[in-house]
*Asks:* 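Structure below; questions to follow.
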Amino acid sequence: MSGRTQTISRSWTIVSYILLILFTLVTILPVVWMLYSSFKPMGEIMLHPLRLPTAPTWENYQKAFKYGNLVVSFLNSIFYSGLSTVSTVLLALAAGFALTKFGFKSSSVYFSLFTLGLLITVNSVITPLFIMETSVGLYNTRLGVILPYIAFGLPMAVLLSTSYIRGVPDALIEAAVIDGASYIQIFWKIILIVSTPVLATMAILNFLGNWNEFLMVFTLTSGENMRSLPVSINSFAGRLNEDYGLQFAALVVGTIPMFILYLVAHESVIKGFGEGALKE
Amino acid sequence: MPRLNKRSSYYVLLLPALLIYLAIIIFPIFMSLGLSFTEWRRFRMTGFIGLGNYMDILSDPVFHRSLWNNIQIMLISVLGQIPLGILLAYLLHRKWVKGTKFFEFMIFLPITISSVVIALLWNRVFSPVGIYTTFVRMITSNPDYVVRIFESEKFAMLPVLVVLLWQHTSLYMVIFLANLQRIPSSVFEAAVIDGAKETTIITKIVLPALSPVIFTCSVLAISGSLKSFDLVYAMTAGGPVNYTYVMALYLYQHTFTFHNYGKGSAVSIIIVILSVGLISLVRGIYAKAQKKFE
């Protein structure tokens with residue numbers, strides 16, 4: 001019987017290898033092709049689409065940075081994603097602390113209100129948001145991008161932080177209260193420290209999501225100097241732009257920052273996505 | 001600094017998050033509902049027209065096409081991405097192969113790439129100088145082959161659907177893998193020793209154990225499908241003609257091109273209603289399926 005089991009498991013091994021290798025190739029080949037094509041001049045791309053570059057050149061990148069305003073967009077992306085992530089995480093942890101450890105009856109109402117937000121998507125509020133921002137002067141400002149980023153990060157972050165902080169022992173907080181610490185001090189000195197694991201998950205999910213966000217920057221800003229990387233890169237899509245090498249270079253510039261983050265922190269990224277969705 | 005009492009501390013901690021959330025998400029939903037009953041001409045609100053916008057939208061063939069395209073996206077998500085995600089997660093979980101971490105790392109990579117980049121990259125893949133075209137030319141030894149099928153009305157959505165499968169399957173793989181790891185490994189070992197077939201293990205152990213997650217993922221997939229914008233906008237902008245229009249694109253056009261905020265808002269309300277309706281439907285199916293299992 002064990003012989004039969006072994007044969008069966010061997011055939012599963014073969015099936016697994018075939019499927020996984022196939023899937024990996026389909027995933028990776030377009031990305032690899034994009035990477036090396038960005039070092040080829042237009043003529044070579046046209047003649048030999050798949051061949052590795054014979055004389056690699058940085059020319060496409062020079063042009064992409066010159067025409068695409070990519071440095072400004074890169075800095076904007078860092079600013080938008082960074083500031084909104086820090087704010088979302090801090091606000092969500094503070095709210096999570098309040099909703100779990102204070103024992104007020106209203107907590108459950110506020111909590112359900114936050115979870116409701118998980119079902120609301122950007123395009124269901126984008127029209128009023130545009131009107132509101134235009135009327136209060138936030139349209140085409142960086143704050144006008146960051147505030148909605150924070151708001152849309154909150155439902156998931158509040159959910160993750162409440163379920164985490166609920167598990168923090170009450171005794172820890174009570175002891176600090178007896179020692180004369182204020183609740184605000186307890187938040188900064190205890191809650192923030194013990195929440196590091198969930199804080200990392202929230203930060204990664206938020207930063208990645210906001211870095212790749214398109215619709216809000218696209219509709220709530222108009223100036224070229226307000227654009228984030230995805231919006232700038234979209235401007236390389238125009239039918240006028242038939243310089244494929246230039247386009248590839250722009251795509252690589254848009255991919256590399258998160259690619260590096262993934263290389264460094266892939267375990268947390270994978271864990272974050274795997275666990276983030278469980279909590280719903 | 002005066003010491004805050006417990007109740008004030010509670011509000012100091014809670015209010016910043018709550019106010020931003022209320023102002024930017026909850027308030028606009030109601031504003032959207034109000035706006036959806038108003039008429040707009042030349043950037044100006046000209047009056048209240050009741051359900052007029054809704055009537056206009058629901059009788060517009062472009063909206064019908066958008067809705068149908070969203071349904072196709074939803075089907076590929078729920079019936080394509082999720083089952084494929086389960087399959088890949090299962091193959092990785094049973095560790096029949098070496099280097100599962102490597103496969104996981106590679107297959108999950110697209111999650112870090114923005115939809116805009118993915119859209120433009122795949123447009124190149126299908127272009128006359130693309131991988132796909134060159135590959136088909138090599139197999140069929142027809143050097144003049146170009147991808148034409150996407151220009152037809154019937155198949156225009158195909159590239160979008162293929163790319164969605166490429167982009168999001170790995171997300172479900174990672175979610176299912178994280179959950180498979182919660183099933184004690186002794187369960188699998190016992191089943192294998194008892195001589196259970198793989199198909200039995202999958203239908204009797206894996207799927208029942210994963211059913212709450214499958215439900216959550218379906219909710220995620222449905223609400224994700226109804227909002228899809230970035231990829232379609234960057235890839236086809238709704239074209240050729242309006243063959244690849246989706247509801248969010250229809251909304252975008254009315255709000256930001258025609259500045260008809262009434263109609264734009266009505267589209268968002270329709271999306272919200274559809275989303276809530278479909279999710280309740282899935283919840284109902286799930287509840288029924290659960291009863292069956294017990």
Side-chain angles (χ1 to χ4, degrees), chain A residues 12-13 16-17 19-20 23-24 27-30 33-34 45-46 49-50 91-92 94-95 97-98 102 104 110 117 119-121 123-125 127-129 131 147-148 150-151 154 182-184 187 212 214-215 219 230 233-234 237 244 247 251 254-255 258-259 262 266 270 273-275 277 280, chain B residues 3-4 9-10 12-14 16-18 20-21 24-25 28-29 31-32 35 88 91 96-97 103-110 112-117 120-121 124-125 129-131 134 171 174-175 177-178 195 198 216 220 223 227 229-230 234 248 251 255-256 261 264-265 268 271-272 275:
Chain A
W12 274 99
T13 305
S16 302
Y17 269 117
L19 281 174
L20 288 171
F23 226 86
T24 306
T27 307
I28 289 309
L29 281 182
W33 179 62
M34 164 182 89
I45 293 176
M46 297 296 281
L50 298 191
L91 293 178
F97 178 38
F102 282 68
F104 288 126
Y110 293 131
L119 293 176
I120 299 171
T121 60
N123 52 41
S124 45
V125 298
T127 309
L129 206 54
I131 298 174
L147 284 175
I150 298 173
L154 281 173
S182 74
Y183 285 98
I184 310 299
F187 172 67
N212 289 333
F214 177 74
L215 182 60
T219 52
I233 284 166
N234 184 56
Y244 295 161
Q247 225 184 47
L251 296 185
T255 313
M258 284 307 104
F259 197 76
Y262 187 61
H266 57 96
I270 292 174
F273 275 96
E275 287 178 358
E280 268 181 68
Chain B
R3 281 286 300 276
L4 295 167
S9 309
Y10 173 70
V12 167
L13 289 164
L14 177 66
L18 190 66
I20 290 187
Y21 172 73
I24 294 175
I25 299 186
I29 287 278
M31 187 170 162
S32 212
L35 282 170
L88 289 172
L91 295 182
W96 283 308
V97 297
F103 285 120
E104 191 185 9
F105 174 84
M106 285 301 191
I107 296 174
F108 200 50
L109 186 96
T112 63
I113 310 176
S114 93
S115 294
V116 173
V117 170
L120 302 188
L121 171 59
R124 285 287 82 80
V125 168
V129 299
I131 303 183
T134 315
L171 174 63
V174 162
I175 295 173
L177 192 57
E198 278 316 314
T216 310
L220 213 70
S223 68
K227 72 169 184 191
F229 177 84
D230 306 5
L251 181 159
T255 294
F256 295 100
Y261 303 138
S265 297
S268 9
I271 296 178
V272 172
S275 169

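By convention in this document, chain letters (A, B, ...) are assigned in the order of the sequence lines, proteins followed by strands, and residues within each chain are numbered from 1.
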*Asks:* For chain A, which of B:Ile131, B:Leu35, B:Leu18, B:Leu14 has the most heavy-atom pairs under 4.5 Å?
*Replies:* B:Ile131
*Asks:* Can you tell me which portion of A:Ile233 sits under 4.5 Å from chain B's heavy atoms? Options are side chain, backbone, both or neither.
*Replies:* both
*Asks:* Working note: A:Ile150 + B:Tyr21, criterion side-chain contact (heavy atoms from CB on, under 4.5 Å); need CA distance, chi angles, decisive distance, verdict.
*Replies:* CA-CA 8 Å; A:Ile150 298 173; B:Tyr21 172 73; over 6 Å; no
*Asks:* Please find out if less than 6.0 Å separates the ring center of A:Tyr262 from that of B:Phe105.
*Replies:* yes
*Asks:* If every non-hydrogen atom of A:Asn234 is compared with every non-hydrogen atom of B:Ala234, which pair is closest and at what distance?
*Replies:* OD1-CB, 3.7 Å
*Asks:* Go through A:Ala151, A:Ala98, A:Gly117, A:Pro128 and name the one with the most non-hydrogen pairs under 4.5 angstrom from chain B.
*Replies:* A:Pro128
*Asks:* Determine the option with the most heavy-atom pairs under 4.5 angstrom with chain A, choosing from B:Val272, B:Leu91, B:Leu251, B:Leu121.
*Replies:* B:Leu121
*Asks:* Could you walk me through whether A:Phe273 and B:Phe108 satisfy the ring pair (Phe, Tyr, Trp, His ring centres under 6.0 Å) test, starting with their C-alpha distance in whole Å, then the side-chain angles of each, then the deciding distance to 0.1 Å, before giving a yes or no?
*Replies:* CA-CA 10 Å; A:Phe273 275 96; B:Phe108 200 50; 5.6 Å; yes
*Asks:* Within the 4.5 Å heavy-atom criterion, are A:Ile131 and B:Met31 side-chain neighbours or not?
*Replies:* yes
*Asks:* Which bit of B:Phe256 is near chain A, if near means a heavy-atom gap under 4.5 Å: side chain, backbone, both or neither?
*Replies:* side chain
*Asks:* With only heavy atoms counted, which part of A:Tyr17 is less than 4.5 Å from chain B, the side chain, the backbone, both or neither?
*Replies:* both
*Asks:* Report the C-alpha separation of A:Phe259 and B:Leu109 in whole Å, then their side-chain angles, then the decisive distance to 0.1 Å, and conclude whether the side-chain contact (heavy atoms from CB on, under 4.5 Å) test is met.
*Replies:* CA-CA 8 Å; A:Phe259 197 76; B:Leu109 186 96; 3.0 Å; yes
*Asks:* For the residue pair A:Tyr183 and B:Ser9, what are the closest heavy atoms and their distance?
*Replies:* CB-CB, 3.6 Å
*Asks:* Classify the angle between the aromatic ring planes of A:Phe102 and B:Tyr10 as parallel (below 30°), tilted (30 to 60°) or perpendicular (above 60°).
*Replies:* tilted
*Asks:* Can you name the closest pair of heavy atoms from B:Glu198 and A:Trp12 and give their distance?
*Replies:* CG-NE1, 3.0 Å
*Asks:* Measuring heavy-atom distances to chain B, does A:Ile270 have an atom under 4.5 Å in its side chain, in its backbone, in both, or in neither?
*Replies:* both
*Asks:* Only pairs of heavy atoms separated by less than 4.5 Å count here; which of A:Pro148, A:Pro230, A:Gly254, A:Ala94 has the most with chain B?
*Replies:* A:Ala94
*Asks:* Does B:Leu88 form a side-chain contact (heavy atoms from CB on, under 4.5 Å) with A:Leu20? I'd like the steps, not just the answer.
*Replies:* CA-CA 7 Å; B:Leu88 289 172; A:Leu20 288 171; 3.8 Å; yes
*Asks:* Which value, rounded to the nearest 0.5 Å, describes the distance between B:Phe103 atom CZ and A:Leu19 atom CG?
*Replies:* 10.5 Å
*Asks:* How many angstroms lie between atom NE2 of A:His266 and atom CD of B:Glu104, to the nearest 0.5 angstrom?
*Replies:* 9.5 Å
*Asks:* Quick one: pull up CG in A:Leu215 and CZ in B:Phe229 and give me the separation to the nearest 0.5 Å.
*Replies:* 5.0 Å
*Asks:* Heavy atoms only, distances under 4.5 angstrom: which of A:Ile120, A:Leu91, A:Thr27, A:Leu147 has the most pairs with chain B? Name it, please.
*Replies:* A:Thr27
*Asks:* To check you understand the geometry: which heavy-atom pair defines the closest contact between A:Phe214 and B:Val116, and what is its length?
*Replies:* CD1-CG2, 3.4 Å
*Asks:* Which one, B:Ile271, B:Asp230, B:Val12, B:Ile20, leads in non-hydrogen pairs under 4.5 Å with chain A?
*Replies:* B:Asp230
*Asks:* Please rank A:Leu154, A:Leu29, A:Leu119 by heavy-atom pairs under 4.5 Å with chain B and give me the top one.
*Replies:* A:Leu154
*Asks:* Could you tell me whether a side-chain N or O of A:Asn123 sits under 3.5 Å from a main-chain N or O of B:Lys227, the two making a donor and an acceptor?
*Replies:* yes
*Asks:* Looking only at non-hydrogen atoms, find the nearest pair between A:Ala95 and B:Ala17 and report the distance.
*Replies:* CB-CB, 4.0 Å
*Asks:* Rounded to the nearest 0.5 Å, what's the gap from OG1 on B:Thr134 to CG on A:Leu50? Could you check?
*Replies:* 4.5 Å
*Asks:* Could you tell me which non-hydrogen atom of B:Val129 sits nearest to which non-hydrogen atom of A:Met46, and how far apart they are?
*Replies:* CG1-SD, 3.7 Å
*Asks:* Less than 4.5 Å to any heavy atom of chain A: does that hold for the side chain of B:Ser32, its backbone, both, or neither?
*Replies:* both
*Asks:* Quick check on the interface: out of B:Ile113, B:Val174, B:Ile25, B:Thr255, who has the most heavy-atom pairs with chain A under 4.5 Å?
*Replies:* B:Ile25
*Asks:* Is the shortest heavy-atom distance from the side chain of A:Phe23 to the side chain of B:Met106 under 4.5 Å?
*Replies:* no
*Asks:* Would you mind checking which part of B:Ile29 comes under 4.5 Å of any heavy atom in chain A, side chain (CB onward), backbone (N, CA, C, O), both or neither?
*Replies:* both
